[in-house]
Structures are given as structure tokens and as C-alpha cells.
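What follows is a set of notes on a single structure, which appears directly below.
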2 protein chains.
Amino acid sequence: MKRQKQTITQTCSTVELEEALKVLEGRWKILILFHLFSAPVLRFSELRRAVSGISQKMLIQQLRDLEKDGVVHRKVYPEVPPKVEYMLTKDGVALRPALKALKFWAESRKIPASVKKKPALACKRGSVR
Amino acid sequence: MKRQKQTITQTCSTVELEEALKVLEGRWKILILFHLFSAPVLRFSELRRAVSGISQKMLIQQLRDLEKDGVVHRKVYPEVPPKVEYMLTKDGVALRPALKALKFWAESRKIPASVKKKPALACKRGSVR
DNA sequence: CAGCATCCGAAACGATACTG
DNA sequence: CAGTATCGTTTCGGATGCTG
């Protein structure tokens, strides 16, 4: 997630945008954020289950990135066994409108013109409310 | 941008979201879209100049991806020298709210608590109106 | 002008094993 | 439970050269 080598020729505009976009970059980042929107806090293991398909390594890595970028807060409970909770920071919460719009778009393009009558029951959708 | 190998264990929800997110994935995709929002159509060379720092190869590649995913339309004029114009499809235009929200977030987090009085003049910002 | 082909280094990513 | 460390693979992305 570090891209600070070439690409020096940047115009004034869009640079800040690029910076921000880098925060969300990565296969799992946005997905993780979505789940963090669906609950006030989530433990590591809960996230692991929520973001199905992610490897443990990736989950940690992306969480650390998000933490470093001030989007997610990590709270460690000094217990045995360990307990770590993740939650959105203020900056992270500020992403809600964007993620909501993204989710809306995602859902809208899943219906390929033929409008279904029942939206496929038995499918807990949610996140970002 | 093809990720269809493992990760079979997907829950019903969030799959469609993942699909949609894949469309936007890639270092330049969103940036390209931003520029396509700022003008009705853009020629290849115009995009190349607009998205500063991108290599020709990447621009083509990402444009093809976006085209394949039905977000961008490619119009070829059978002339010599060649002329190709790119524009958003209906599906692409539908991304406007999401990108707007994203841009808003990007800008909001650039001001680190200390509110400036003049927003740095001589800096043409724009895209997504 | 718009683009394709190829080569190559750098990352992102995944699986596995080990730890306090 | 929540990590760290390591290794191997896959993908990404840039540079260069060529084409209609």
C-alpha cells in the first residue's frame, strides 16, 4: 500500500483524492468497513467470520492499514485469552454516505433490467444502515 | 482483475457487493471515472493528459475493464488518424453519488482539524459536479 | 493517434507453521 | 484468541519498441 516512488508529475487537483483513495485500496478494505458499519464494535474473530474468504494475515494487515490511516480504532483488552475490538473512528464513520452510495449502486446494477418481484428471501443483507 | 478461483465459501450477502467493488478496483479506475464525470466525452489522449502519471498501457487496460463491466462506453471513429472517445454509460453515471461522496470525504479529511481560511487558491479543483 | 506485445521488477495475496 | 514469521504464487504496473 505504499506508492511513493515515481508519479511525481501530479497536478494540484486530484492529489488529495488519490491520497484518500489509497486508504480504501486493497481487496478487503471496503468490505471490512462495511461490516464495521453493521455493528458498534467487532472482535477480531468476529470480523474473520464476517469477511468470509479472507485469510488471517490479510485481515490483520488491512486492519493495521486502516488503523494507521485513522479510519479504524483498535482496542486491546489485556486479558488471557486476548481480546481485541475494532471500531470505526470519527473519520471512518464519515465514510458512511460514500459506502451507502456504493452499496446502493452495487445493488442497483445487480438487477439487469428485469425487475424481480421478490428480492430473494432468506438472504440477510444489511451493513451500512 | 479476475478473481474467480478460491474463495468459494461466500455467504449470500455481500457477494453482489464484492462483485461491484471489483469493478472499481485498480489503481486508476476511480480516478479515470472522476475525469469522465468532468466532461461529456474524452479522447484517449485527453484522458492520458488528465490522469497524470498513468502509463499508456494502464490507461488502456483499465478503460477496457471499465468497458467490459459496462461502466464506460468506447466510441471509435474510423478515421485516419484514429480517434476514440470515451464516455460514461448509464451505469457509470449512476456512480455519481458514490464518487461525489467519496470526493467529499477525501476533501474533508485533508483539513486536519485546523480550519484554513483561504482554501489554497490557484488550484483548479473540480470533477464530479 | 490509439493501440498491442513483451519483458521484468515490485507489490499484493495466500497457505502454513509457530507463539504469548 | 489474536496475532507474527516465512515462503511461494499471482497479479500489478512501468518501460520500451512496434503497428495501422
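A, B, ... follow the sequence lines: proteins, then strands. Residue 1 opens every chain.
As a whole-Å value, the separation of B:Ile54 CD1 from D:dC12 P is 14 Å. Distance B:Leu59 CG to D:dG14 P: 11 Å, rounded to the nearest Å. Look at CD on A:Glu85: it is 15 Å from P on D:dC1, rounded to the nearest Å. In this entry the distance linking CD of A:Glu18 with P of D:dG13 reads 12 Å, nearest Å. Rounded to whole Å, atom P of D:dC12 lies 12 Å from atom CD of A:Glu25. Rounded to an integer number of Å, the gap from A:Lys29 NZ to C:dA11 C1' is 13 Å. Per the geometry, CE belonging to B:Met58 stands 10 Å off C1' belonging to D:dT11, to the nearest Å. Here the P atom of nucleotide C:dG3 and the NZ atom of B:Lys83 are 13 Å apart, to the nearest Å.
Phosphate contact (OP1/OP2 of C:dC1, side-chain N/O of B:Arg43, threshold under 4.0 Å): absent. Proximity of A:Ser45 to the phosphate of D:dA2: a side-chain N or O atom is located under 4.0 Å from OP1 or OP2. Contact check, A:Gln62 against C:dC13: a side-chain N or O comes under 4.0 Å of OP1 or OP2. A close approach under 4.0 Å does not occur between any side-chain nitrogen or oxygen of B:Gln61 and OP1 or OP2 of C:dC4.
Ion pairing between A:Lys22 and A:Glu25 fails under the 4.0 Å rule for side-chain N and carboxylate O. A salt bridge between A:Lys103 and A:Glu107 is present, with a side-chain N of the basic residue lying under 4.0 Å from a carboxylate O of the acidic one.
Side-chain atoms of B:Met87 and B:Leu42, non-hydrogen and from C-beta on, never get closer than 4.5 Å to each other. Within the 4.5 Å cutoff, no side-chain heavy atoms of A:Leu47 are placed close to those of A:Trp28. Taking the side chain as every heavy atom from C-beta outward, A:Leu21 and B:Leu102 approach each other to under 4.5 Å.
Where B:Pro81 and A:Pro82 each meet DNA chain C at their nearest nucleotide, the meeting point lying more 5' is that of B:Pro81.
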**OP:** Quick one, give me the B/S/- string for nucleotides 3-9 of chain D, reading 5' to 3', where B means a protein heavy atom under 4.0 Å from the base and S means that only happens at the primed atoms, P, OP1 or OP2.
**Re:** BB-B---
Throw together a table of side-chain donor-acceptor distances under 3.5 angstrom for residues 77-85 of chain A, partners on residues two or more places apart or in other chains.
from, atom 1, to, atom 2, distance (Å)
A:Tyr77, OH, A:Glu85, OE1, 2.9

Can I get a per-line list of side-chain donor-acceptor pairs under 3.5 Å for residues 67-75 of chain A, giving both atom names and the distance, sequence neighbours left out?
from, atom 1, to, atom 2, distance (Å)
A:Arg74, NE, A:Tyr86, OH, 3.3

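Within the nucleic acid shown, A:Arg48 has no heavy atom closer than 4.0 Å to any nucleic acid atom.
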